[in-house]
Amino acid sequence: VKQDVAPPPEQPKEVAAQTEVIAPHKDLNQAPVPLKMERVGEHEVNVEMTAQITDIEIDKGKSYKAWTFNGEAPGPLVVVNEGDTINFTLKNMDPSIPHSMDFHAVHASPSKSFIDVMPNESGTFTYKASNPGVFMYHCGTKPVLAHIANGMHGVIIVKPKNGYPTDNQIDKEFVIVQNEWYKYNDLDDMTNGVPSQVVFSTKALKEGQPNTNGDTYSLKEKPLLAKVGDRIRIYVNNVGPNEVSSFHVVGTVFDDVYIDGNPANHYKGMQTVMLPASGGAVVEFTVVEEGSYSIVTHQFNHVQKGAAAIIKVTKD
Amino acid sequence: VKQDVAPPPEQPKEVAAQTEVIAPHKDLNQAPVPLKMERVGEHEVNVEMTAQITDIEIDKGKSYKAWTFNGEAPGPLVVVNEGDTINFTLKNMDPSIPHSMDFHAVHASPSKSFIDVMPNESGTFTYKASNPGVFMYHCGTKPVLAHIANGMHGVIIVKPKNGYPTDNQIDKEFVIVQNEWYKYNDLDDMTNGVPSQVVFSTKALKEGQPNTNGDTYSLKEKPLLAKVGDRIRIYVNNVGPNEVSSFHVVGTVFDDVYIDGNPANHYKGMQTVMLPASGGAVVEFTVVEEGSYSIVTHQFNHVQKGAAAIIKVTKD
Amino acid sequence: VKQDVAPPPEQPKEVAAQTEVIAPHKDLNQAPVPLKMERVGEHEVNVEMTAQITDIEIDKGKSYKAWTFNGEAPGPLVVVNEGDTINFTLKNMDPSIPHSMDFHAVHASPSKSFIDVMPNESGTFTYKASNPGVFMYHCGTKPVLAHIANGMHGVIIVKPKNGYPTDNQIDKEFVIVQNEWYKYNDLDDMTNGVPSQVVFSTKALKEGQPNTNGDTYSLKEKPLLAKVGDRIRIYVNNVGPNEVSSFHVVGTVFDDVYIDGNPANHYKGMQTVMLPASGGAVVEFTVVEEGSYSIVTHQFNHVQKGAAAIIKVTKD
Ligand SMILES: [Cu+2]
Ligand SMILES: [Cu+2]
Ligand SMILES: [Cu+2]
Ligand SMILES: [Cu+2]
Ligand SMILES: [Cu+2]
Ligand SMILES: [Cu+2]
Ligand code: NA
Ligand code: NA
Ligand code: NA
Ligand code: NA
Ligand code: NA
Ligand code: NA
Ligand SMILES: [Zn+2]
Ligand SMILES: [Zn+2]
Ligand SMILES: [Zn+2]
Ligand SMILES: [Zn+2]
Ligand SMILES: [Zn+2]
Ligand SMILES: [Zn+2]
Ligand SMILES: [Zn+2]
Ligand SMILES: [Zn+2]
Ligand SMILES: [Zn+2]
């Protein structure tokens with residue numbers, strides 16, 4: 001990851017030490033290219049994503065020249081059906097580094113179908129999403145830690161063929177992703193340090209829903225919205241790269257939980273769900289009164305670093 | 001949390017740096033006020049707790065001016081029935097800082113029912129315990145990390161309406177809580193450091209049972225007591241604030257485990273139970289011979305910092 | 001653990017500081033003594049293991065004078081049947097420190113049956129393996145953290161009386177163990193530091209299968225082997241001593257998972273399994289195409305430190 005690091009000679013050493021932007025990324029801030037997704041058969045979809053370098057505001061006033069899928073970090077939400085074949089194309093707009101795609105949702109040979117796509121090239125891969133759930137995706141190019149920590153992660157939901165047994169109870173659905181940020185492109189801090197920020201983001205399940213990057217403030221300033229009495233479902237995934245999550249919503253209990261989003265992995269009445277790095281869940285709960293309900297990881301050092309989002313519940 | 005820090009001018013800088021006792025707490029060591037609990041209806045209880053500043057010995061010879069519920073850290077055990085309405089009063093005896101109460105066991109609007117109670121005031125809130133289990137409670141005043149890490153945490157058990165399927169096998173019941181201690185009231189160490197101590201405590205389920213604070217020695221010097229052949233149930237919760245727990249008892253296997261204490265989340269034959277921060281469980285096992293059985297988190301760096309408790313098993 | 005540390009006077013201080021080899025271990029590199037195992041009854045086995053000091057290459061060119069069971073770290077795999085009585089003998093070839101054995105698989109009094117065996121002595125203990133699963137074993141001599149982190153850990157599989165419901169689907173079976181290495185015999189680094197290496201090893205289930213130590217390279221250079229279409233079962237345990245694991249295999253989904261290896265704890269369709277320190281699992285999945293499939297913990301800072309193993313899948 002540190003290849004091609006060429007600090008501009010006119011900069012004093014202190015400034016150079018604080019940044020490790022790869023030289024060819026220096027003046028890059030590529031406008032987000034939208035995800036392309038098209039159903040081409042009853043059980044077949046085409047998905048096209050773009051690896052690109054885009055500035056993200058991860059904390060108030062703090063910009064991060066993220067390595068991204070489609071200019072978002074986490075990347076755009078992908079939703080398919082159980083059993084779908086995915087024809088996936090990755091376009092790599094990064095002028096300097098290869099990138100790749102590893103969907104946790106599919107069965108595929110990593111050394112054939114999750115392989116590097118070179119700068120300014122594109123690659124197409126086909127695989128099948130056989131298992132329902134809330135899966136992580138990420139760039140799998142080495143060092144994988146750097147590619148994930150710099151922003152190349154996201155969520156793919158595979159909708160279960162027969163739904164969830166609690167589908168008919170749900171009033172509102174949201175997607176929440178947890179990720180960490182480290183010192184900019186600093187593989188040593190990523191490997192041995194503690195996160196600088198731990199953050200949540202939401203991804204739109206349908207038009208009109210908010211869609212944010214992983215930052216410390218967006219979901220506090222513009223909360224998710226619900227009504228008194230709503231039964232809420234959250235599709236959640238902890239994309240890491242390093243930390244586990246103790247996922248919790250203040251003021252309620254998760255009445256139904258499906259670990260990794262598989263309908264067969266059904267828990268009841270949980271206060272907190274343990275998510276491994278890259279683990280997912282579907283959690284369902286009711287908000288009984290007006291007010292502000294915080295989503296957190298109950299590892300409160302991480303809340304201190306940003307990991308909180310608000311659901312605002314109103315009467316009408 | 002660092003507001004009002006006014007180190008006495010006569011102290012040398014080194015000493016001041018080691019302590020961050022809030023000025024109005026300097027000469028405070030409030031005698032523990034007992035928990036008040038009263039059943040006022042078949043499905044209704046009154047509970048009164050007190051936020052107070054009390055010295056706790058967390059390690060041999062090491063006193064911690066804890067922010068507490070009722071002068072204990074973890075705070076006193078609360079036990080209610082599934083479906084109970086709780087009329088909860090928090091009296092705040094802290095002269096300087098607001099405190100509050102967040103019960104993981106209830107459905108409530110956090111911004112209405114988990115709100116700050118000002119110094120020398122009290123607040124009453126009503127909510128319902130709809131889900132059975134072993135839940136964390138804690139002060140929810142910001143920064144929450146400081147309030148939990150300084151001692152404001154505890155356990156509320158909500159007894160399942162229809163019990164556990166293994167109720168009739170149980171001979172002895174204990175409550176065990178895991179928590180961490182950090183450098184005194186040092187929000188930076190709480191946020192970025194590693195725990196100074198990781199500890200267990202027990203809370204009395206009935207009169208005559210031991211009831212301890214979270215320290216490194218009490219449950220080693222005065223073990224929990226059981227008899228050969230006893231089937232033991234432990235209600236456990238890991239109140240954190242930051243670490244997860246790998247809960248284990250040496251010399252046995254948990255034959256029955258209920259994750260978060262919900263009878264529906266039934267596991268069999270586990271060596272170790274993964275508890276997220278704020279996660280709970282009911283674990284059941286048999287001790288087949290005389291001897292000393294250690295309770296640990298199998299994250300052994302934490303055992304090295306204090307996280308061990310002993311069950312002493314005798315013949316008669 | 002640091003008792004008897006007597007750095008040779010001729011060494012400069014810098015070198016002495018980098019090593020904390022216990023003086024009597026200085027010139028020791030005991031050749032591995034094979035595990036002895038013998039079935040002596042339908043439900044009774046004799047097992048003999050040896051505590052010994054043996055050099056292990058944990059990273060390319062990096063030797064670690066490990067405290068071991070039988071010259072391996074992790075120690076040799078032990079496989080018994082549910083309900084077996086184990087007559088266990090520990091021979092201690094370490095000339096200077098006591099060692100002991102704690103099998104997570106058994107019901108036993110720790111203060112009678114997991115006790116220290118003195119240098120150059122041996123001890124025999126009898127206990128029963130009542131629960132099926134994939135259990136950790138380890139030396140339980142104090143400080144336990146040092147004994148585990150220096151290499152005294154391993155896996156015992158207790159085969160379920162009635163098997164797993166998916167037994168007839170399985171084509172290949174492997175054992176994978178995750179462990180951490182720290183600065184050599186440095187109790188402070190073990191207690192407060194981060195791992196220097198996080199590694200996987202495999203243990204032979206039958207003759208001809210690979211059997212490796214926990215190192216950063218063996219399972220990358222000599223991958224586990226499978227065929228296209230194979231249904232693979234992995235018996236996995238995370239022996240720590242400190243870290244949890246987010247166990248994942250790239251390119252597939254675990255169709256069936258048995259937490260701690262108990263057939264009753266059956267999950268479906270998981271991308272990643274959360275293993276507490278000392279937690280185990282049986283995971284089953286299919287490899288659909290030729291190629292290289294990486295086994296990782298999805299806590300990618302640990303992959304950066306070595307935690308990856310490869311399954312090479314070929315057509316014929
Ligand atoms: Cu990439
Ligand atoms: Cu992955
Ligand atoms: Cu408080
Ligand atoms: Cu909480
Ligand atoms: Cu030992
Ligand atoms: Cu153990
Ligand atoms: Na950092
Ligand atoms: Na977390
Ligand atoms: Na500390
Ligand atoms: Na722990
Ligand atoms: Na280290
Ligand atoms: Na790990
Ligand atoms: Zn990448
Ligand atoms: Zn509810
Ligand atoms: Zn169900
Ligand atoms: Zn508080
Ligand atoms: Zn048992
Ligand atoms: Zn049951
Ligand atoms: Zn040992
Ligand atoms: Zn599959
Ligand atoms: Zn089953």
Side-chain angles (χ1 to χ4, degrees), chain A residues 82 102-115 127-136 138 140 142-149 158 160 180 182 187-194 237-244 258-265 274-280, chain C residues 193-198 223 228-229 238 243-257 259 265-276 279 281 285-308 310-315:
Chain A
E82 183 181 344
D102 169 345
F103 282 115
H104 284 198
V106 306
H107 283 72
S109 168
S111 52
K112 289 182 166 184
S113 300
F114 293 167
I115 56 173
Y127 21 61
K128 205 172 160 186
S130 319
N131 298 67
V134 185
F135 295 97
M136 182 180 179
H138 59 91
K142 288 184 181 176
V144 181
L145 175 56
H147 285 252
I148 298 178
V158 182
E180 306 128 36
Y182 293 83
L187 191 55
D188 180 61
D189 187 51
M190 294 165 178
T191 305
N192 292 299
V194 292
N237 194 290
N238 169 38
V239 297
N242 297 335
E243 300 290 335
V244 299
Y258 303 97
I259 301 296
D260 261 348
N262 190 302
N265 304 333
M274 179 89 257
L275 299 174
S278 85
Chain C
V194 291
S196 304
Q197 286 85 23
V198 182
V228 169
N238 169 38
E243 300 291 335
V244 299
S245 173
S246 300
F247 191 73
H248 175 84
V249 175
V250 180
T252 191
V253 174
F254 301 142
D255 293 302
D256 294 278
V257 175
I259 301 295
N265 304 331
H266 194 173
Y267 275 88
K268 303 289 288 184
M270 299 190 82
Q271 68 196 298
T272 301
V273 177
M274 178 91 256
L275 299 174
F285 57 97
T286 300
V287 284
V288 295
E289 275 184 275
E290 284 181 290
S292 288
Y293 296 72
S294 288
I295 299 168
V296 297
T297 166
H298 222 284
Q299 295 158 237
F300 259 90
N301 53 350
H302 295 164
V303 178
Q304 194 63 21
K305 293 179 177 193
I310 295 172
I311 306 171
K312 188 176 172 188
V313 177
T314 52
K315 253 192 188 133

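Treat the numbers as computed from the prediction; the structure is a model and nothing was measured. Below, chain A is the first sequence line, B the second, and so on; all start at residue 1.
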What pair of heavy atoms forms the shortest contact from [X] to [Y], and how long is it?
X      : Y      : value
A:S111 : C:S292 : OG-N, 2.8 Å
C:G269 : A:D260 : O-CB, 4.2 Å
C:G251 : A:P110 : CA-CG, 3.9 Å

Handout entry: chain C contact via A:M274 - which portion, at a heavy-atom distance below 4.5 Å
Key =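 The side chain, not the backbone.
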
Practice task
Side chain from CB out, backbone as N, CA, C, O: work out which of these in A:F114 comes under 4.5 Å of a heavy atom of chain C, or both, or neither.
Solution key: side chain

Problem - salt bridge (charged side-chain N to carboxylate O under 4.0 Å, His left out) against C:K268, all qualifying residues, sequence neighbours excluded - result: C:D256

Handout entry: Residues in salt bridge (charged side-chain N to carboxylate O under 4.0 Å, His left out) contact with C:K312, at least two apart in sequence or another chain
Key =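 None.
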
So, taking the atom named [atom1] in [X] and the one named [atom2] in [Y], what distance separates them when rounded to the nearest 0.5 Å?
X      : Y      : atom1 : atom2 : value
C:Q304 : A:L145 : CD    : CG    : 5.5 Å
A:N131 : C:F285 : CG    : CZ    : 13.0 Å
A:N242 : C:H302 : CG    : NE2   : 7.0 Å
C:T272 : A:I259 : OG1   : CD1   : 12.0 Å
A:K112 : C:E289 : NZ    : CD    : 5.0 Å
C:N301 : A:D188 : CG    : CG    : 11.5 Å

Within a strict 4.5 Å, meaning less than it, do heavy atoms of the [X] and [Y] side chains meet?
X      : Y      : value
C:V303 : A:V144 : no
A:I148 : C:H298 : yes
A:N262 : C:M270 : no
C:S246 : A:V244 : yes
A:H104 : C:V253 : no
C:Q271 : A:N237 : yes

Exercise for the section: Check whether C:V288 gets within reach of chain A through its side chain, its backbone, both or neither, counting any heavy atom under 4.5 Å. Expected result: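 It is the side chain, since no backbone atom gets that close.
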
